[in-house]
Amino acid sequence: MNKAKLNIGPNLFNWQPEKWRDFYFEVADVAPIDKVFLGEVICSKRAPLFYGEFDKVVDRLEKAGKQVVFSTLAEVTSNVDRRLMEKQANDKNFFIEVNDIAALFFLKDKKHSIGSYVNCYNEDALEFFAKNGATNICLNPEMPKSGIEALNKTAKQLDVELEVQIFGRIGLALSARCYHARAHDRVKDTCKFICDIDEDGMDLTTLEGQKFLTINGIQTMSYTYLNLVNEMSELQKIGINNFRLSPHSSGTIKASKVFRSLLDGEIDEKEASAMLDEQDLGAPYSNGFYHGIAGYEWRV
Amino acid sequence: MDKVQKPELICPAGTPASLRTAVDGGADAIYCGFVGSTNARNFPGLNFSLDEMAKSVLYAHDRGAKLLCAINSFPTAGRTDIWKKAIDDAISIGVDAVIIADIGMADYMSKKHPNARIHLSVQAGASSAESINFYCERFDIKRVVLPRILTVGEIKKVHDAIDCEIEAFIFGNIGMMAEGRCSLTNYVTGKSTNMDGVCSPANFVHYEEDIDNNLTTRLGEFAIDCIACGQSAGYPTICKGRYNADHRDAYYAFEEPISLNLTHLLPDLIKAGVSALKIEGRQRSKSYIRSVVSSFRNAIDGYARGETPDISDLLALTEGHKQTEGAFKSKIWR
């Protein structure tokens, strides 16, 4: 059996370039991570902000033995988006993770990954993507256990590796409108990059004061942090060998160490769970989607 | 405006009676779906049995109208047979096109029924020329229903760069999230928009009135809005609710309860090369369908004759309701 891989998904937030660089330097230096997904997924306007640091980050990650994958935009509408998508998809230096079907138009026969923003809910979709050159598919986090199990049977036959997000806020929706800009009485074109004030997104509470959702530019995310620590042995039994942590401004690297120890059998789920509970991320954990119930819920 | 190619008027039907109303009112084509989770409007009491769909095809064809069958939710693993049977059934009774969202089902249909027309559902979220052309190349789709996130200028550019027809929404409810890419309802209720075809399902909706007659609308555990005494409360859809952020209180974080009305943009859409204009609302009543269809019929025919038709009927339909031209008019909406 392949050794289970622990991966870091694309950073979804608008961090200062130095913060962005230092996060990945730390990943390179100390995190027990196999694969790192880089690239701007949410907003084409943000992409140039951290490109100055890009080569240095890639170099450091690769020297540390990490595989670097380039993640493409999840929504393509404007000409700026389209140009960025073409540039990303045609990049010869990287393996590409596709987050919008537009990327497939450019990739032609080149092997690639399918990201969680592309809908792959059933065996027929999976088979189409596999025959079209996908070697890895990261499932939408709303997929319940039964779906993961059924898809993995097909994936095995087609020699495709499935990946499941196990940690971090869940991307729930994309829009053409920027809700960060709207919250500050601006619009997307005049946003002045206001999203950079919220390193893990901007929290929304209900009028009754209940924490609910998190805004990240055009993306709406869960307020809760997905945490599948108690489902890891079941996921491995199903045959999943690729696990994704979605990065946050703090706690991600520690979480990666906990999950690695768990995968290596050094600690059990109970211990791992207790170690993750010690972290104060400012928001509760959830695992409802996996269990086929409301996504925000936490089932022990 | 100058004389132009007249677009088709595409109207919704949730029941056979609504379908007959829409056909009689002058719709060029009707879209509807089978009972169950194969379509993206899986509401109780709505949609067609196979027998009803077959009779509706005959009713439409006898009167020169087309029937487009929406099989546009995303089958979950292990259940694709239900969707494939729906596609086979639709073809066997002679529907004019099947509206598909899932890439696996598009692949199935293009291989099994290579001569049938596939329309790419808005739920597929194909928002760029590249994405649409990929679907055209692989599945020979004949028409794309565009997501409601492009400006008219962008629609024109898409039109010039793709190999299929464009259908665009012009009237009705407008969701704020990119279609086919929203798990908000599932996050709150455990029922998925993509997999179960529901958005804010009614059995999770609650209205609670306090002693001061303030009405809280709720979806599952979460308050979506609270309306002061005497004001009318909207249906609690997550993306039309009011919330607090750290720096501001009780604001519509996504959008107000508002509906789409592109009456004023019709000439521009027609000039942009849109082949079909679509009205939202398979859940709507017959009387609503009757007035909307006949009003748009008159407006489109007028524009196509090069006239400037009287559109006061259409504006009256939404009088008293908040309405928007959404993303279509300008980038400022974003």
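Sequence lines set the chain letters: A, B, ... in the order given, protein chains first and strands last, and positions in each chain run from 1.
Heavy atoms of B:K191 lying under 4.5 Å from chain A are absent altogether. For A:K211, the part sitting under 4.5 Å from any heavy atom of chain B is the backbone (N, CA, C, O) and nothing else. At a 4.5 Å heavy-atom cutoff, the contact between A:F289 and chain B is made by side-chain atoms alone. In this structure, the portion of A:T220 lying under 4.5 Å from any heavy atom of chain B is its side chain and not its backbone. Contacts of B:T216 with chain A are made by side-chain atoms alone, with heavy-atom separations under 4.5 Å and no backbone atom involved. When heavy atoms are compared at a cutoff of 4.5 Å, A:I293 approaches chain B solely by way of its backbone atoms N, CA, C and O.
For the atom pair CD (A:E142) and SG (B:C182), the distance works out to 9.0 Å, reported to the nearest 0.5 Å.
Side-chain atoms of A:D124 never come within 3.5 Å of backbone atoms of B:Y108 as a donor-acceptor pair (strictly under, hydrogens ignored). For B:E130 (side chain) and A:A103 (main-chain N/O), no donor-acceptor pair under 3.5 Å exists by modelled atom type.
The two residues A:N122 and B:G104 have their closest heavy-atom pair at OD1-CA, 4.5 Å. When all heavy atoms are compared, the tightest approach of B:R181 to A:Y117 is NH2-O, 3.0 Å. Considering every non-hydrogen atom in both A:Y223 and B:Y187, the closest pair reads N-OH, 3.7 Å. Scanning both residues, A:A183 and B:H247, for their nearest heavy atoms gives O-NE2, 2.9 Å. Taking every heavy atom of both residues into account, B:A77 and A:L151 meet most closely at CB-CG, 4.0 Å. Between A:L207 and B:A250, the closest heavy-atom pair is CD2-CA, 3.6 Å.
Between A:D185 and B:R248 there is a salt bridge, since a side-chain N of the basic residue sits under 4.0 Å from a carboxylate O of the acidic one.
With sequence neighbours excluded, the residues forming a side chain to side chain donor-acceptor pair (under 3.5 Å) with A:S78 are A:D81, listed by chain and number.
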Is there a side-chain contact (heavy atoms from CB on, under 4.5 Å) between A:N119 and B:I103 once you walk through the steps?
-> CA-CA 8 Å; A:N119 287 334; B:I103 207 161; over 6 Å; no
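You'll find the side chain of B:S131 stays beyond 4.5 Å of the side chain of A:V76, heavy atoms only. For the pair B:S128/A:M85, no side-chain contact is recorded, criterion being any heavy-atom separation below 4.5 Å from C-beta on. With a 4.5 Å cut-off on side-chain heavy atoms, B:R334 and A:R182 do not count as touching. Considering only heavy atoms from C-beta on, A:T205 stays 4.5 Å or farther from B:F222 through its side chain.
Options B:P147, B:G125, B:G190 differ in how many heavy-atom pairs under 4.5 Å they form with chain A, and the most are formed by B:G190. Heavy-atom pairs under 4.5 Å with chain A were tallied for B:V188, B:I238, B:N186, B:D102; the largest tally goes to B:N186. Counting heavy-atom pairs closer than 4.5 Å to chain A, the top residue among B:I149, B:L150, B:D249, B:D107 is B:I149.
Ring-centre distance between A:F105 and B:F134: not below the 6.0 Å cut-off.
Between B:F74 and A:Y121, the ring planes are tilted. Angles from 30° to 60° get that label.
Evaluation of the side-chain hydrogen bond (donor to acceptor under 3.5 Å, both in side chains) test over residues 234-243 of chain B, restricted to residues two or more places apart or in two chains, returns B:D225-B:R242.
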